[in-house]
Structure formats: structure tokens, C-alpha cells
Student: 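Just dropping this structure here.
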Amino acid sequence: MKVAITSTGNSHKSLIDPRFGRCAYFVIYDTETKVIAFIPNKARDAEEGAGPQALQQVASHEVKKIVSGEFGMKIKPLLDSLKIQMIVVKDPDKRIMDIMEMLDH
Amino acid sequence: MSPRSKRLRKVINPPLIKGFKPYGPEAVKEKKEAVNLHFEEYEALRLCDYDKYNHHEASGIMGVSRPTFTRIYSSARQKIALAFVEGRQIAIEGGKVYFDSDWYHCTSCKCFFNNPEKDQKVENCPLCGSNSVAEAESEAEVSTAEMKADECADFCVCPQCGYEQPHRHGKPCSHQVCPTCNEHLKRKSSPNSQQFRHREGKKH
């Protein structure tokens, strides 16, 4: 199963980004094959509607869960209809590697 | 000029079925166009007539104003009446809605998550896998709680013994009965007099 995590940088030591639409990178993590892919968020500097644009990039990877600090108003109904699970982590000091470890449980 | 765009209506439980079909010899004879009942109309009907919320509470749950809710509800009734009288099918589809899911909270890793698969029960946290999950208080519940606080601003009073109970919107005082002397209650300060006083206060 693939999980998307919002990240502030492109290494596994980067901190989790508290925003979904305007995060710097998305980490696509496959929990079965343990493959990690970093994709830069093209919608980062969008004037408006960064959330839906960012979601298009993530949804093309067929993720089932998204881990982020916050999800915007426009994105919640979209994710609900796509049946993607939202996981909100309120702790901004979490690193990508911590999240991946927790996902492996 | 284009009309004002509609607000998204929150639907908590989508209907289990896609619609209704009439039966009987007349229904088979001629095929008539189906009546299209929107999701928000179905939800309004469910909240009002099945869960027995009043319009004020139900409008808060759906995230629209009370007058808008009443309009959605009356449209739902008219459509159902049309289908019943003319023997038409009812198709439940469309409408400006979004489906809200339940939110949960994991106490071991302090994360929040939702449950997109409504049929499956949530037992483990999707992040850390622990089973210490609890249902998080949804925004709708918070807003109804706030509304309840507003409702306590006025009281229903018994004219005989002076018994008081907090007034609730949509529940007329005259329908409430005093538990001690079986007398119909009255509003402590009637809304008209309150408005009048408010206006007078503004003048000075």
C-alpha cells in the first residue's frame, strides 16, 4: 500500500510539512516494497487552489493514505470522495523517517 | 448576472439505495420520467423526519442556514409528493454536496485520522497501529453544542408556580408542561418585547 507524506525537504531526515497544498515535497512510500520516492510539489507557489493541484500529483501515484499536518477546506471533500484516508499529525518536529517507522508498525 | 454559487451541503450518511420504483398495474403500463431527488434533499428528510431534529439543529449539521435548510426540506417533500401522486420513480442523485466522514483520534501517537470506508469499523490507528483510538468530536457536534448554549439564553416559565426550564428553539413553550402543576409554560421574556427593548436601547 502506498502512503504520501508531506515533507519540507528531499531527505528522509527532513521534517514533516504542516501544510498539504503548499508543502515542498511529497514522499511516496510503499509499505510493502519499502520503496521511497520524493516528488517536488509543482503547486507550491500557485496563486490559489494549491490543494487540488497538489492532490492531482499525489493521486496519480494511487496512494491510499496521506500524512500531513493540516488539510484545507477544498481538499477534505475531494479526499472523501476519492476514499483516501487523511492522517493529521499535529507534531511539527516529526521527521519523515519517524513517520515511516510508525507506518511499518 | 450569474446567481450566487451554492454552499456545499454536508451529507453524513449517503442513502443505501439509489431510488424507488412504483409497483402495480398502472405503474407498468406507461413509463414516466423519474423524479430526481438530490442528496441534500434526502439528507434533510433524514435529519428532520427520521432523526427528528428540528430545522435549526439540522441546518447546523448540514452546514447551511436555517432558511436554506427549510427550502431544501420543502423541495424534498414536494418531489416525493409528485412521485407518489403521479406514480413516478424516484432517483436519488446529484446536488451540491460533500460527504463528510467520521474523524478519530489516536491517543498513543496523538494523530487524527478519518475513516473513508464507512462499512469497516476502526480498531487500529493507521499510523502507529495501536488500538487506543477514540472518536474525535466533529465540527458539526461542536457547532450544535454552541447552539445549545445559545438556546439557554431564554427560559420557559410556569405561570402558576414559577418553575423554569431552558427554552429550546423550535420547541414552543406552550407545548411544554410544568411537572408540578401540569400548567402550560410561557416564555419568560417574549421575543417581541425583547426586540423592542433592544431597539429602544439603541436609540439612546
Side-chain angles (χ1 to χ4, degrees), chain A residues 1-7 15-20 27-32 48-49 51-52 55 58-59 62-105, chain B residues 5-15 38-40 43 61-64 93-143:
Chain A
M1 185 186 53
K2 283 182 178 171
V3 185
I5 310 162
T6 56
S7 164
L15 294 170
I16 184 170
D17 203 305
R19 305 154 304 170
F20 174 77
V27 185
I28 310 285
Y29 176 53
D30 194 321
T31 49
E32 278 139 34
E48 59 174 279
L55 180 61
V58 180
E62 288 173 358
V63 295
K64 286 269 172 274
K65 293 177 187 174
I66 298 178
V67 186
S68 184
E70 186 70 63
F71 294 91
M73 280 301 290
K74 288 180 187 170
I75 212 75
K76 278 180 183 171
L78 275 174
L79 287 170
D80 260 333
S81 56
L82 287 170
K83 298 217 165 180
I84 296 174
Q85 189 170 44
M86 291 173 260
I87 304 172
V88 179
V89 178
K90 288 284 180 202
D91 185 2
D93 300 325
K94 280 264 191 297
R95 292 179 187 282
I96 299 301
M97 45 196 277
D98 301 332
I99 302 284
M100 291 194 303
E101 246 172 59
M102 285 160 91
L103 281 166
D104 283 334
H105 51 260
Chain B
S5 62
K6 279 181 182 163
R7 263 186 97 126
L8 278 174
R9 285 88 206 253
K10 186 150 70 183
V11 173
I12 296 167
N13 286 321
H38 293 308
F39 279 124
E40 68 242 37
E43 179 78 352
I61 295 169
M62 276 179 77
V64 292
E93 57 188 10
K96 192 143 169 96
V97 295
Y98 73 95
F99 298 108
D100 197 30
S101 48
D102 302 331
W103 280 83
Y104 297 87
H105 179 58
C106 171
T107 41
S108 74
C109 67
K110 306 265 181 292
C111 76
F112 292 90
F113 56 93
N114 74 337
N115 179 22
E117 304 287 341
K118 283 189 207 299
D119 314 333
Q120 289 167 23
K121 256 194 110 188
V122 176
E123 274 159 359
N124 292 323
C125 170
L127 192 60
C128 65
S130 83
N131 55 6
S132 53
V133 288
E135 228 167 287
E137 205 172 299
S138 74
E139 286 167 45
E141 277 168 346
V142 172
S143 65

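Letters A, B, ... mirror the listed sequences (proteins, then strands); counts begin at 1.
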Student: Tell me the residues of residues 87-95 of chain A whose non-hydrogen atoms fall below 4.5 Å from those of chain B, in number order.
Tutor: A:Ile87, A:Val88, A:Val89, A:Lys90
Student: What is the minimum heavy-atom distance between B:Asn114 and A:Met86, and which atoms define it?
Tutor: OD1-N, 2.9 Å
Student: Of all residues at least two apart in sequence or in a different chain, which pass the side-chain hydrogen bond (donor to acceptor under 3.5 Å, both in side chains) check with A:Lys64?
Tutor: none
Student: Does A:Asp104 have any side-chain hydrogen bond (donor to acceptor under 3.5 Å, both in side chains) partners at least two apart in sequence or in another chain, and if so, which?
Tutor: A:Tyr29, A:Lys34
Student: Which residues satisfy the side-chain hydrogen bond (donor to acceptor under 3.5 Å, both in side chains) test with B:Thr107, sequence neighbours excluded?
Tutor: B:Ser132
Student: Using heavy-atom distances under 4.5 Å, tell me whether A:Val3 contacts chain B through its side chain, its backbone, both, or neither.
Tutor: neither
Student: Tell me, for B:Cys106 versus chain A, whether the close heavy atoms (under 4.5 Å) come from the side chain, the backbone, both or neither.
Tutor: neither
Student: Taking all atoms of both residues into account, what is the closest heavy-atom pair of A:Lys65 and B:Pro126, and its distance?
Tutor: NZ-O, 3.2 Å
Student: Quick check on A:Leu79 against chain B: is it the side chain, the backbone, both or neither that has a heavy atom closer than 4.5 Å?
Tutor: neither
